[in-house]
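What follows is a short report on a single structure.
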Number of protein chains: 2
Amino acid sequence: MTHGVGRSAQEIAVARAGLSTVLEPRDLTGHLVLAALGPCAAWEVISGRRGVTGAEHDRLEKTVREHGAAMQTGVARAAARWKTRAAGIDPAADLARAERIGIWQCTPEDDDWPDGLRDLGLQQPVCLWGRGQRYRLSAIGAATVAVVGSRDCSSYGRTVTFDLAGGLATRGWTVISGGAYGVDEAAHRAALAAGTAGVPTVAVMAGGVDRLYPRGNQELLHEIVDRGLVLSEAAPGTMPARFRFLDRNRLIAALATAALVTESRWRSGAQSTAHHANDLSRPVGAVPGSVQSATSAGCHRLIREGAAVLVTDIDDFLALAGPLGAQPESDKGHQTEIFDGLDETDKHLADALPVTSGATVDSLAKVAGLPVGAVLGGLRRLERAGLAIDRGGVWVRPRRR
Amino acid sequence: MTHGVGRSAQEIAVARAGLSTVLEPRDLTGHLVLAALGPCAAWEVISGRRGVTGAEHDRLEKTVREHGAAMQTGVARAAARWKTRAAGIDPAADLARAERIGIWQCTPEDDDWPDGLRDLGLQQPVCLWGRGQRYRLSAIGAATVAVVGSRDCSSYGRTVTFDLAGGLATRGWTVISGGAYGVDEAAHRAALAAGTAGVPTVAVMAGGVDRLYPRGNQELLHEIVDRGLVLSEAAPGTMPARFRFLDRNRLIAALATAALVTESRWRSGAQSTAHHANDLSRPVGAVPGSVQSATSAGCHRLIREGAAVLVTDIDDFLALAGPLGAQPESDKGHQTEIFDGLDETDKHLADALPVTSGATVDSLAKVAGLPVGAVLGGLRRLERAGLAIDRGGVWVRPRRR
């Protein structure tokens, strides 16, 4: 439910623009106030224009109970902090400036607000700032995969990322990632190269969308603005401070329907994205690699700890995250698959079958130590599976293709 | 419980020698007769010297019920099959001949019968035939790892096998495997090179222990006879027929306390060994590799299907299969491990700490958007973790080592 009741869209936009500058994602007290009072009243309080009314205080208490949350500090103490941060902020002017340079704002009250973000509850961003054709925002969600990993990936990680992100993009999936070098970069490039979806790829920044970071990826990020979307919860002008990346990862996880860690070190942002995805009940896959390579240690850790399912190819990923009826394992085309339909005794019998010189049912029963009846039944099953040929009472095993 | 009551050890040895020639591991009826009547009476019946008495028939029925098993065929029908296989067999002479060429026999009635084999129930071998110092048999079991994988392993698989099998051997583990090229061979060589256990390595053959197969590994297998053990359930002289390898794998799994698949293809004997180990509740580990390498597809499959736990090194394996108190994950020495003790907010704060120019608690509270109290508490935790330094009210982050 929205709290925009009786307020104009413009009032809400301005209020959320201000809140997005003052409220850090971890400011639990501030987000409780926002959830309880709605954006406009919350902005009045948090900007220090006025205090909390008695009625609002009761609503706040109720909200705290609803979320089973504990306020880090009372509103009074938090107010001091907010005041310093809100000093000299003119959200209306900020909004206008953003619009002039082609940056739009999307709020939870808008119809095109990505549903996935609502799963974040109190951690839902105050608003999104974006670059790129805004209508593309509605394309996110149905089949969106967060492809993440380490910045300093190996050539193996780069290849695997390119193959998987590209393969999913050709199947109409939208890729979403950060803007870093390494895996993020490879994922975006693969999606832009192969993408068939309305929006091939989305980059979520830790700083403002006006600061395409890192510099070395500016050209790539500009291409994403042209053909995809660049998003951030941080107001334009915000520096991509180191601590913002951990928070940014929760957005990548929430905007996607599934996450895929293609290569990551023991400790990397990708681990946090994977854990956020778990918290949000999004399926998570991780690609294994050489145990001698430190750049795969993070993926192996996720798989060991049960935080991710081992994924070796597109089929594995679709079996994990794809729509029901996505290609099943058994379509992998491993020709020896056919064996897997047989029970141990049949395999045993198949192995006992001579390739060239034939064998009679009796001799097979003797060699394999099985009753004649079992041998006969088994041979018929093997015959149907193309694993045994009856040459008039003498049975042989077809040569392996 | 043994059924040797009132029979001499020699009688039992002879009976089981005969049974090991006539009864294939899958001859359920035969193994039920053995379980119900004991080796000597069972041999009299199975060799066709006499039929089943009324009392024995009742005991047989009871055994069938106890094992919840269904007889493939009645004893009468099976008897015909047994007769052909038993024709011309002289187990006493076979035993004597075996002894002359240095092959000994071990039966479930012997004190040194490996306990692990009893877990096989009706699938327990009739007896074991062995080469190498018999006293070593007692050394098997406490810390014995089945190291298995594909014959045509890659250099990666060979290296990983050598490292893991060697590392476990130096820690006093006994390695057990087949005699094949590739992973089996690498595991034995590593154990022989590094082994500190009473018996560094054990090879289980699919055919008779007098036929060291494959020929190309004869020298290696002879060295295992000298310093370890070569075992088989197949009577001396038995050809290593293809179908016997699947059955042989259950012995490798049962003799070990844990299994480790170091590199295996989508379908390989190692898969069956891993599944036998699962059925026997032995922990199973599998080593991942490149998703581009077909030789790792089997390991990835086992991990995906939950049939094996991902293992990257000795610590992972010991955490899975070692004695309690074996080195925990956190001893991996990943220096950034220290971060893992901190909650998200502390990490967040650690990231917000400037490296060179210091920051006051107030400025940190403002930058990180956290209440002053939270910042203070967090900084103290970070200080203890060596992640923050207090320079008289001004806090800095220590440079990364």
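From a predicted model like this one, the values you see are computed outputs, not experimental measurements. Below, read A as the first sequence line, B as the second, and so on, with proteins coming before strands; counting in each chain starts at 1. Heavy-atom basis, side chains included; hydrogens, waters and symmetry copies ignored.
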Exercise. At a heavy-atom separation under 4.5 Å, does A:D247 approach chain B through its side chain, its backbone, both, or neither?
Worked result: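 Contact with chain B is through the side chain of A:D247 alone.
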Exercise. Shortest non-hydrogen contact from A:Y156 to B:S290?
Worked result: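 Where A:Y156 meets B:S290 most closely, the heavy atoms are CE1-OG, 3.4 Å.
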Problem set entry | Minimal non-hydrogen separation, A:V311 against B:R304, with atom names |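 Looking at all heavy atoms of both residues, the shortest contact is CA-NH1, 4.3 Å.
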Problem set entry | Option in A:L310, A:L320, A:D362 with maximal non-hydrogen atom pairs under 4.5 Å from chain B |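 With the most close heavy-atom pairs to chain B, the winner is A:L310.
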For this session: Count the heavy-atom pairs under 4.5 Å between each of A:E24, A:R244, A:R265, A:R85 and chain B, then report the option with the highest count.
Result: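 When all of A:E24, A:R244, A:R265, A:R85 are compared, A:R85 has the most.
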For this session: State the CZ-CG distance between B:F243 and A:L364, to the nearest 0.5 angstrom.
Result: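 Answer for the CZ-CG pair, B:F243 versus A:L364, is 10.0 Å.
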Exercise. Rounded to the nearest 0.5 Å, how far does CD of A:Q292 lie from CG of B:D313?
Worked result: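 It comes to 11.5 Å.
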